[in-house]
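Inspection log for the structure reproduced underneath, given as structure tokens.
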Amino acid sequence: QLPNKAEEWEIKQLILDDPPIGGKFGDVKVDVSPGPHWPGDTVRCTLWGAHPRNHLQRNSSFGTVWRWQPTNESDLTGGGKWQLAADDSDYDTMFHWKREGISASL
């Protein structure tokens with residue numbers, strides 16, 4: 001199947017991306033501040049990534065937010081599991097891209 005005009009434009013617009021020196025894509029540059037975090041809190045982190053046009057994430061997500069759901073709410077040190085809390089389609093999540101140096105991205 002031939003690409004449509006929008007896909008052709010996207011392909012032509014690809015920008016060179018490299019991971020940071022000594023690192024790899026997905027590494028954390030600035031981690032989330034220690035919790036706990038409550039509904040309504042603003043939580044930020046910065047990851048080494050790539051220009052979003054280099055991988056369009058069709059039927060996927062640029063970013064997800066996960067929360068730890070303890071097995072016993074009164075004992076946060078016990079077992080539990082991670083649950084998806086939001087993704088980049090959620091109103092309260094934001095995705096920002098910027099170039100760092102010549103070819104690394106945040």
Side-chain angles (χ1 to χ4, degrees):
Q1 176 180 345
L2 295 172
N4 63 34
K5 290 291 183 191
E7 290 170 332
E8 286 178 21
W9 183 84
E10 290 169 352
I11 292 167
K12 291 177 186 175
Q13 300 302 313
L14 296 181
I15 298 171
L16 175 67
D17 278 308
D18 288 312
I21 295 172
K24 62 186 184 301
F25 293 119
D27 281 352
V28 176
K29 181 177 182 189
V30 179
D31 207 346
V32 173
S33 62
H37 301 286
W38 306 103
D41 288 354
T42 297
V43 180
R44 291 186 169 101
C45 69
T46 304
L47 305 173
W48 290 103
H51 191 283
R53 283 216 176 105
N54 284 346
H55 194 301
L56 296 178
Q57 298 294 341
R58 291 189 175 104
N59 301 317
S60 187
S61 180
F62 284 109
T64 55
V65 178
W66 294 79
R67 71 171 176 205
W68 180 253
Q69 184 65 45
T71 304
N72 181 349
E73 291 290 335
S74 63
D75 179 15
L76 300 179
T77 62
K81 62 182 178 178
W82 287 101
Q83 291 185 323
L84 181 65
D87 63 24
D88 57 7
S89 69
D90 191 280
Y91 177 79
D92 293 322
T93 61
M94 289 187 223
F95 172 86
H96 299 277
W97 174 88
K98 76 173 191 174
R99 177 67 70 200
E100 178 95 354
I102 295 173
S103 61
S105 297
L106 299 169

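The two residues Gly63 and Ser61 make their nearest non-hydrogen contact at O-OG, 2.7 Å. Between Asp88 and Thr93, the shortest heavy-atom contact is CA-OG1, 3.4 Å. Closest approach of Val32 to Val43, counting heavy atoms only: CG1-CG1, 3.0 Å. When all heavy atoms of Trp38 and Asp41 are compared, the closest pair comes out as N-OD2, 2.6 Å. Taking all atoms of both residues into account, the shortest heavy-atom contact from Cys45 to Asp31 is CB-C, 4.2 Å.
For Ser105 (side chain) and Ala50 (main-chain N/O), no donor-acceptor pair under 3.5 Å exists by modelled atom type.
In this structure, Trp97 and Leu106 have side chains that are not in contact, with every pair of non-hydrogen atoms separated by 4.5 Å or more. Side-chain contact between Thr46 and Val28 is absent, with no heavy-atom pair separated by less than 4.5 Å. Residues Arg67 and His37 have side chains not in contact (no heavy-atom distance under 4.5 Å, counting atoms from C-beta outward). Between Ser103 and Asp17, every side-chain heavy-atom pair lies at or beyond the 4.5 Å cut-off. No side-chain heavy atom of Phe25 sits less than 4.5 Å from a side-chain heavy atom of Leu47.
Proximity of the aromatic rings of Trp68 and Trp82 is defined here by a centroid distance below 6.0 angstrom, and this criterion is met.
A 6.0 Å sphere centred on CG of Leu84 holds more than 12 heavy atoms belonging to other residues, nucleotides or ligands.
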Does Lys24 form a salt bridge (Lys or Arg N to Asp or Glu O under 4.0 Å) with Asp18? I'd like the steps, not just the answer. CA-CA 8 Å; Lys24 62 186 184 301; Asp18 288 312; over 6 Å; no
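Take Ser33 and apply the side chain to side chain donor-acceptor pair (under 3.5 Å) test, not counting sequence neighbours, and it matches no residue.
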